[in-house]
Amino acid sequence: MRLFKADLHTHTVLSPCGDLDMSPDEILRLAKERGLDMIGISDHNTTKHCKLAKKIGQELGVFVLCGAEVTTQEEAHCLSFFETEEQLQEFENYLQQHLPDIPNDPEKFGYQVQVDEELNIVYEEPKFLISAIDQSVEQIEQKVHSLQGLFVPAHIDKPKFSLPSQLGFIPFDLNVDGVELSIRATKYDYLLRNKYLKNKTFIQSSDAHYTNQIASTYCYFEMEEISFAEIRKAFHQEDGRRVLLREEVEQKEQ
Ligand SMILES: [Zn+2]
Ligand SMILES: [Zn+2]
């Protein structure tokens with residue numbers, strides 16, 4: 001088994017808050033340059049840039065985990081990832097169906113554009129993508145798992161837009177595949193205050209909105225090879241696969 005470096009939370013220019021330089025092309029180029037083996041494409045409430053990112057990733061040898069950062073009815077952000085194009089498309093339809101008809105104000109919030117490989121704008125999303133969809137966290141979790149996806153509450157250490165900030169905790173009966181920490185937290189400190197999560201799989205990601213943030217933090221997947229099935233096993237700590245944070249790997253090397 002070997003360690004694969006992963007930053008599973010990245011926004012493209014399609015997210016209103018994503019910088020205009022965050023084209024799939026540029027993101028993948030920088031991911032490669034900075035030594036990532038895997039990157040997650042997780043725009044707010046949309047998966048529309050995943051297909052192009054995956055294609056470019058295949059050319060460059062960086063595995064792209066396709067999904068979205070969903071805003072639940074409770075205003076909590078949760079990462080969702082899918083294996084196949086069909087599953088991703090069905091989730092995209094679900095998001096469009098449940099995203100409220102609130103228009104984006106590009107001057108105020110930023111542009112929501114989809115680009116092609118030559119950086120031509122091919123689509124502009126009219127609905128404001130950061131809005132909460134009209135589905136609860138449980139409903140979204142069930143939808144993700146009905147499509148054999150992975151469901152990971154995002155930046156759970158943050159005082160805003162996280163499940164703990166909105167509900168006070170991660171519900172015990174919520175079927176999460178893992179939980180995510182932001183760049184500011186350490187698992188060690190977080191668990192001192194949140195012992196109830198000690199058996200969960202933690203990932204840590206950059207939540208990059210700007211090019212300089214890509215791979216500013218990451219985690220390691222210990223697996224045989226990079227595939228969705230192996231990633232799922234790592235999240236579930238099966239057959240010796242697991243996820244390790246930088247604090248668990250890089251300290252030992254010193
Ligand atoms: Zn978020
Ligand atoms: Zn995010």
Side-chain angles (χ1 to χ4, degrees), residues 6-24 26-28 30-31 36 38-50 53 64-82 88 91-92 95 98-100 102 104 109-114 125 127-133 135-137 140-141 144 149-170 174 176-185 190 202-219 245:
D7 180 2
L8 297 186
H9 188 159
T10 315
H11 293 270
T12 78
V13 59
L14 184 51
S15 289
C17 44
D19 192 60
L20 286 175
D21 290 335
M22 292 291 269
S23 66
E26 186 67 0
I27 290 170
L28 267 299
L30 290 169
L36 291 181
M38 298 158 50
I39 191 163
I41 299 295
S42 51
D43 280 309
H44 290 291
N45 294 327
T46 180
T47 67
K48 283 198 173 77
H49 256 155
C50 287
V64 173
L65 197 55
C66 292
E69 180 177 27
V70 186
T71 310
T72 73
Q73 205 164 42
E74 303 86 349
E75 303 259 13
H77 292 179
C78 293
L79 300 171
S80 308
F81 297 110
F82 301 92
L88 194 69
F91 195 67
E92 172 70 26
L95 290 172
H98 292 286
L99 188 65
I102 300 167
N104 182 36
F109 299 113
Y111 289 91
Q112 301 183 151
V113 292
Q114 184 184 351
E125 175 57 51
K127 289 187 190 181
F128 183 47
L129 285 169
I130 303 183
S131 303
I133 70 168
Q135 296 277 286
S136 69
V137 60
I140 298 164
E141 176 268 298
V144 171
L150 296 167
F151 184 76
V152 181
H155 43 67
I156 60 167
D157 55 297
K158 279 198 176 174
K160 271 182 177 176
F161 303 120
S162 69
L163 264 186
S165 79
Q166 302 312 102
L167 302 181
F169 53 92
I170 311 269
L174 187 69
V176 302
D177 296 284
V179 291
E180 183 203 49
L181 290 177
S182 79
I183 189 169
R184 286 187 292 241
Y190 191 81
F202 281 72
I203 63 168
Q204 191 162 32
S205 340
S206 68
D207 196 1
H209 290 73
Y210 296 89
T211 51
N212 66 327
Q213 296 169 327
I214 297 166
S216 55
T217 194
Y218 46 82
C219 53
L245 300 193

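None of these values were measured; they are calculated from a predicted model. In each ligand, atom 1 is the first atom listed, and ligand 1 is the first ligand listed.
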Please enumerate all residues that pass salt bridge (Lys or Arg N to Asp or Glu O under 4.0 Å) together with Lys158, with sequence neighbours excluded. Asp207
All side-chain contact (heavy atoms from CB on, under 4.5 Å) counterparts of Ser206, not counting sequence neighbours: Asp7, Ala208, Ser216
Gln204: what forms a side-chain contact (heavy atoms from CB on, under 4.5 Å) with it, not counting sequence neighbours? Leu181, Thr217, Leu245
Ser205 and His9: side chain donor to acceptor below 3.5 Å: no
What protein N, O or S atoms come within a distance below 2.8 Å of the Zn ion (ligand 2), ordered by chain and number? His9 NE2, His11 NE2, Glu69 OE1, Asp207 OD1
Between Asn104 (side chain only) and Tyr111 (backbone N and O only), is there a donor and an acceptor less than 3.5 Å apart? no
As a quick check of understanding, evaluate side chain to side chain contact (heavy atoms under 4.5 Å, CB included) for Asp43 and Leu129, giving each step before the final call. CA-CA 9 Å; Asp43 280 309; Leu129 285 169; 5.9 Å; no
